[in-house]
Amino acid sequence: MKTNDLIDLLAQDSASTWCLRSVLALAISCGIIVAAVLFFAGIGFRPNISEALTSSRFLFKCVVATTLAITATRAVFGLGRPDASLDGRSLALALAPALLASAVTVELLVVPASQWMPRLIGHDASKCLILVPLLSIGPLSCLLAALRRGAPSSPGLAGAVAGLSAGGIAAAFYTWNCADDSPLFVITWYSLAILIVTSVGYLAGRKLLRW
Amino acid sequence: MTTSSQEKDWAAWMRAAMAGDASAYRRFLASVAPHVRAVVRSRYQSAVAPEYEVEDIVQDVLLTIHLKRGTWDSSRPIGPWVAAIARNRLIDILRRRGRHISVPIDDVMDSLGREDKTAEVSARDIDALLEQLKAKQRDIVRSISLQGSTIRETADRLHMSDGAVRVALHRALKALAYLCRTKEP
């Protein structure tokens, strides 16, 4: 086939013009809805939620998780493109870890050393390790499906950041149920749970997002 | 030719194409093709390879540009986007032929500024891969590309609706791209 004939052929296929940004926006919305349904139907707020709302530790935990969800989701939008490069959106990913690290520092200063381990272990770490990955299944699947229509310059990285975004969304919901508010708990168990989701995203990205 | 004026044309045509202007899209592809050819030739040692192999890769890149055109962010320059797609396909193709070479994006951008209008060589890959498509998809592809028919004429001849031809054409192109990526080198 001559290249001009191919061009004629391609020019006739004007049927499907979508733009990656809208596909990703749709995927994020669907993912959040799936996670929300799962959360409100199966998990719910913790019993003393109104009391928790007055706790700065609880509120800070919510802020960190939401910050991660927002910054990672924004980064996904950049990484789905072939000409993606490290830009402001990727650098903003450092925001949530920085917030959490400063909260941990403050916690270590204001809480006596004997309380460090009990706070780090918390009440129910296994619940965190199960529910955060569970809640992230919907957002991660939606994001990966959308990214398949993209052309990520680095499939593994795009998948990993999609996992980070899904983990962030899942954590942002789960914080409202989780009874442990200490930054020591958050940095240990939330990070581990989100790391699991990010690794799954990385592996899935390498497999599914090549183009 | 300056890259910036060239890129402005490309971007304008592509924006029109996204809004459904097929002739602007054809102009875009026809204008991009010689530049992609220059990139491929600068990176692909054609001393040992027949000309049609260069054209195979050019067509692979054009097909990919087509199927991934939704990833162009119209607020960003289009040249680096075209270069990134060409580079990605080149790396993949060379890797599958057992060659590990680095393809610096700056070199690709440089080559993209040149044009190579030499080719009226037919590529071979797509013709071979067409054989693996479903019969109806193959008929549609041949009708439009080789016989130069429109969607409407093709639909009439195959007793299909316009919409069905469009859907089948799109699926055929996706299938061809998939076959390009999985064929034996």
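Quick note on labels: first sequence line is chain A, next is B, and so on, each numbered from 1. Side chains are part of it too, since the values below use all heavy atoms of this structure and drop only hydrogens, waters and symmetry mates.
- Residue B/Arg76 touches chain A through its side chain alone, counting heavy-atom pairs closer than 4.5 Å.
- For chain A, no part of B/Arg87 is nearby; none of its heavy atoms comes within less than 4.5 Å.
- Between B/Thr64 atom OG1 and A/Trp211 atom CH2 the span is 7.0 Å, to the nearest 0.5 Å.
- Both the backbone and the side chain of B/Ile85 come within less than 4.5 Å of a heavy atom in chain A.
- Annotation: side chain of A/Pro82 is not in contact with side chain of B/Lys68 (no heavy-atom distance under 4.5 Å).
- Heavy-atom distances place both the backbone and the side chain of B/Leu29 under 4.5 Å from chain A.
- B/Arg171 CZ: 12 or fewer foreign heavy atoms inside a 6.0 Å radius.
- Neither the backbone nor the side chain of B/Ser143 comes within less than 4.5 Å of any heavy atom of chain A.
- Heavy-atom contacts from other residues, nucleotides or ligands closer than 6.0 Å to CZ of A/Arg148 number 12 or fewer.
- The contact between B/Ala33 and chain A is made entirely by side chain atoms (from C-beta outward), counting heavy-atom distances below 4.5 Å.
- A side-chain contact (heavy atoms from CB on, under 4.5 Å) with A/Leu10 is found for one member of B/Arg69, B/Arg26, B/His66 and no other, namely B/His66.
- With chain A as the partner, the residue from B/Thr71, B/Leu173, B/Leu130, B/Leu146 showing the most heavy-atom pairs under 4.5 Å is B/Thr71.
- Neither the backbone nor the side chain of B/Ile105 comes within contact range of chain A, judged by heavy atoms closer than 4.5 Å.
- Put simply, the side chain of A/Leu9 reaches to within 4.5 Å of the side chain of B/Leu169, judged on heavy atoms.
- Contact of the A/Gln12 side chain with the B/Thr154 side chain is not registered, since no non-hydrogen atoms from C-beta on lie closer than 4.5 Å.
- Atom CG in A/Asp13 sits 11.0 Å away from atom CD1 in B/Ile140 (nearest 0.5 Å).
- Within a 6.0 Å sphere centred on CZ of A/Phe40, heavy atoms belonging to other residues, nucleotides or ligands number more than 12.
- Chain A forms the most heavy-atom pairs under 4.5 Å with one residue out of B/Asp73, B/Asp92, B/Ile126, B/Val58, and that residue is B/Asp73.
- In A/Lys127, the NZ atom is crowded: over 12 heavy atoms of neighbouring residues, nucleotides or ligands sit closer than 6.0 Å.
- If you measure heavy-atom distances from B/Val141 to chain A, the contacts under 4.5 Å come from both the backbone and the side chain.
- Of the listed residues (A/Met1, A/Arg81, A/Arg210), the greatest number of heavy-atom pairs within a distance under 4.5 Å of chain B belongs to A/Met1.
- Taking a 6.0 Å sphere around CZ of A/Arg21, one finds it holds 12 or fewer heavy atoms contributed by other residues, nucleotides or ligands.
- At most 12 heavy atoms of other shown residues, nucleotides or ligands fall within 6.0 angstrom of atom OH in A/Tyr202.
- A/Ala11 and B/Ala22 make their closest contact through O-CB, 3.7 Å (heavy atoms, listed as atom of the first residue, atom of the second, distance).
- Counting heavy-atom neighbours within 6.0 Å of A/Arg74 CZ, excluding the residue itself, gives a total of 12 or less.
- Here the CD1-CD distance, from A/Ile7 to B/Gln59, works out to 8.5 Å after rounding to the nearest 0.5 Å.
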